[in-house]
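For reference, the structure discussed in these notes is given below.
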Amino acid sequence: MDASPSPAPSNFVRDIILDDLKSNKYEGRVQTRFPPEPNGYLHIGHAKAICLDFGLADEFGGHTNLRFDDTNPEKEETEYVESIKADVKWLGFHWDGLFYASDYFDQLYEWAMKLIKDGKAYVDDLSAEEIRKHRGTLTEPGKDSPYRNRAAAENLNLFERMRAGEFADGSRVLRAKIDMASPNLNMRDPVMYRIVHAEHHRTGAKWCIYPMYDYAHGESDSIERVTHSICTLEFEDHRPLYNWFIQQLGIFPSRQIEFDRLNLTYTLLSKRKLLQLVQEGRVRGWDDPRMPTLSGIRRRGYTPEAIRNFVASIGVSKTTGVIELAMLEHFVREDLNKRVPRVMAVLRPLKVVIDNYPENQVEEMDAVNNPEDAGAGTRKVPFSRVLYIEQDDFREVPPPKYFRLSPGREVRLRYGYFITCTTVVKNASGEVVEVHCTYDPATRGGNAPDGRKVKSTIHWVSAAHAIDAEVRIYENLFTKEDPNQVEDGQDFTANLNPNSLEIVTGAKLEPSLASAAVGGRYQFERLGYFCVDLDSKPGALVFNRTVALKDAWARVEKKQGAKS
RNA sequence: UGGGCCGUCGACUAAUGGUAGGUCAAGUGCCUUUGGAGCACUUUGUCUAGGUUCGAAUCCUAGCGGCCCAGCCA
């Protein structure tokens, strides 16, 4: 096509903002908000919303508020608001205003009184059960409540007494008076306020009536003069109601725009289900590195840049789709590859003795810290007669296309020497427990002066110098692409992967890692990207595998396995 | 079944009546002191049927398929 750089990535929400800017609809203002309910930890799906809300405002010199949608005191806690703030910051965004829907409870109450006076709202004495029966079904219209036509004065009196705490939970509600026959169920006189005698994390015992989402959300947007209220697709049916309240009240007309929420293969993004995993102890907490929460992903070693790049690449639309997990993994690898130092670590050690290497000799070999970053420099790695290599890097009987060490075969020890396997030592059950080799002194550093080639380079660690570590290897938390796909009578926990966590205890690391600090990220050469876990202590290091390197041999092996 | 929304390579997403393109995945080759990274190339797509038009992924009609809604949750 043309040689110009690819056009700025756009999407339909951005296009709407662009149009509004062009027509000067809001005097050039762009005001968004990110409105989480503090009833759980944020997950990668929220990251998409955050990038949109903050990203679009940033792009057009607008503003974004962080607003906690705290209208349900029974589920909300300050622990969650703190974690949410930390996660937003970690992702790299800064809010302009920090608000709570509960900041607006007084205003919301006054507006409710106005709607009552205008004959647009009424107190209903029906029980929850009766209200449901009166609501009708998808195909049949609802029936009016017998209390629907109470006089405004009576409604006012009752509503004030609801607030005053005269009535029991669930005994009455305030409802908007719209249309019980609407084909949109949300318009069949939705509940605006319910009675809940519960301590609220911010307002304490001040209120015993709490506004419902539909009444609180749009009004909060309006109070903050939000121009573009971006939310997910399931709220599409609520938009007429969102607009109805704003219209009746005659307040600032915020506009709701809906996009598709993120779905990922092998992943559950439902706060309710994630809570269940935590409560049932299926994972070690909200920040378990297997969790799709931002705190879990962070602990796993993902970077905010990787997540932002991922979100930017998946786009925004209204089609309900599922992103392949491989897409996310690609963006972590891409980011970590550029920034993270290389290091040698052996997860499952196999002892190698180099018979012709001097008994007590130790050499300091030069190793490149990051071939992608010349500025990262080099380090010294000790080499000696007894080493550990990866068990996977030796086969007594090599399968076809296997290039690593096997009897009679010569390979390169990275930054070390060429070695050739001579003999093996087996234990009583016939397993190879030790491999003997000879080395070629002329190949120091890994180059053969005679120009001969080897088909493989493997990593190693000097046995006498190695430090021990625990390494936690993670696989997908679920075995099915769609964890919700279950047999009758089962729930999603039936799809939990029993092998999602493997703890490797005897790993051997090169000595430079002794000073690795919590959060530090590394590439263990040929294995993957790893980071130092929160549980790590000096002398008792613990690493998480963030993501494995792409493994061409694994693919070959799999193909061979499939054939046989 | 009433209403709302949505159908473009295996996945995600562009093309806004005018050359169906990008990313991921998959495959092939090159290169390589990481079977990593990188580079090059390749395969596969407009849900169906009609219509409007010089020209349709785009507009119209009808089908088909998917998602969401009957909380005093958000």
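Numbered from 1 within each chain, the chains take letters A, B, ... in sequence-line order. Values reported hereafter were calculated over all heavy atoms of this structure, with side chains retained and with hydrogens, waters and symmetry mates removed.
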Verify the contact: side-chain N or O of [X] to OP1 or OP2 of [N], cut-off strictly under 4.0 Å; return yes or no.
X	N	result
A:Arg414	B:G36	no
A:Arg194	B:A74	yes
A:Arg272	B:C73	no
A:His459	B:U34	no
A:Thr319	B:C12	no
A:Arg175	B:C72	no
A:Lys455	B:G35	no
A:Arg555	B:A26	yes

For A:Val556 and for A:Lys75, find the nucleotide of RNA chain B with the closest heavy atom, then tell me which residue's nucleotide is more 5'. A:Val556
On RNA chain B, more 5' by nearest nucleotide between A:Tyr193 and A:Pro371 is A:Pro371
On the side chain of [X], is there an atom forming a donor-acceptor pair with the base of [N] - under 3.5 Å, no angle test?
X	N	value
A:Glu258	B:G4	no
A:Arg404	B:G35	yes
A:Asn184	B:G4	no

Would you classify [X] as touching base, sugar-phosphate or nothing, given that sugar-phosphate means primed atoms plus P, OP1 and OP2, and contacts are heavy atoms under 4.0 Å?
X	answer
A:Phe524	nothing
A:Val316	sugar-phosphate
A:Gln523	base
A:Tyr210	nothing
A:Asn447	base
A:Thr137	base
A:Leu185	base
A:Leu264	nothing
A:Gly170	base
A:Val173	base
A:Ser127	base
A:Asp15	base
A:Glu236	sugar-phosphate
A:Val368	nothing

Any side-chain donor-acceptor pair under 3.5 Å between A:Gln560 and A:Tyr402? no
Of the nucleotides [options], which one has an atom closest to the side chain of [X]?
X	options	answer
A:Glu234	B:C12, B:C68, B:A25	B:C68
A:Ser317	B:U13, B:C24, B:C73	B:U13
A:Thr139	B:C67, B:A74, B:G2	B:G2
A:Ile131	B:C69, B:G27, B:C72	B:C72
A:Glu324	B:G27, B:C5, B:C24	B:C24
A:Met212	B:C73, B:U13, B:G35	B:C73
A:His330	B:G35, B:C24, B:A74	B:C24
A:Lys318	B:A70, B:C6, B:G35	B:C6
A:Phe331	B:U23, B:G2, B:U34	B:U23
A:Asp237	B:C72, B:G4, B:G35	B:G4

Under a 3.5 Å cut-off for both contacts, is [N] paired Watson-Crick or G-U wobble with anything, and if yes, with which nucleotide?
N	value
B:U8	none
B:A15	none
B:A56	none
B:U48	B:A62
B:G2	B:C69
B:G38	B:C30

Evaluation steps, salt bridge (Lys or Arg N to Asp or Glu O under 4.0 Å), between A:Arg404 and A:Glu390: CA-CA 10 Å; A:Arg404 281 113 94 149; A:Glu390 209 69 61; over 6 Å; no
Roughly how many Å is it from CD in A:Glu140 to C1' in B:A70, rounded to a whole number? 11 Å
Output the rounded distance in Å from CG (A:Asp69) to P (B:C73). 14 Å
What are the two closest non-hydrogen atoms of A:Pro73 and A:Ala198, and how far apart are they? CG-CB, 4.1 Å
Spacing of the [atom1] atoms in [M] and [N] (rounded, Å):
N	M	atom1	answer
B:U13	B:G71	P	31 Å
B:G35	B:G29	C1'	15 Å
B:C9	B:C24	C1'	12 Å
B:U46	B:C6	C1'	15 Å
B:A14	B:U8	P	11 Å
B:C5	B:C60	P	13 Å
B:C59	B:G66	P	23 Å
B:U61	B:U23	P	37 Å

Is B:G55 in the syn range, within 90° of 0, or in the anti range? anti
Could you check whether A:Arg395 pairs with A:Glu557 (Lys NZ or Arg NE/NH1/NH2 to Asp/Glu carboxylate O, under 4.0 Å)? yes
Hey, would you say the [X] and [Y] ring centroids sit under 6.0 Å apart?
X	Y	value
A:Tyr522	A:Phe530	no
A:Phe403	A:Trp553	no
A:Tyr439	A:Tyr417	yes
A:Phe235	A:Tyr242	no

Taking the six-membered ring of A:Trp460, is NZ or CZ of A:Arg414 closer than 6.0 Å to its centre and within 45° of its axis? no
Roughly how far apart are A:Phe34 CZ and A:Ile84 CD1, rounded to 0.5 Å? 7.0 Å
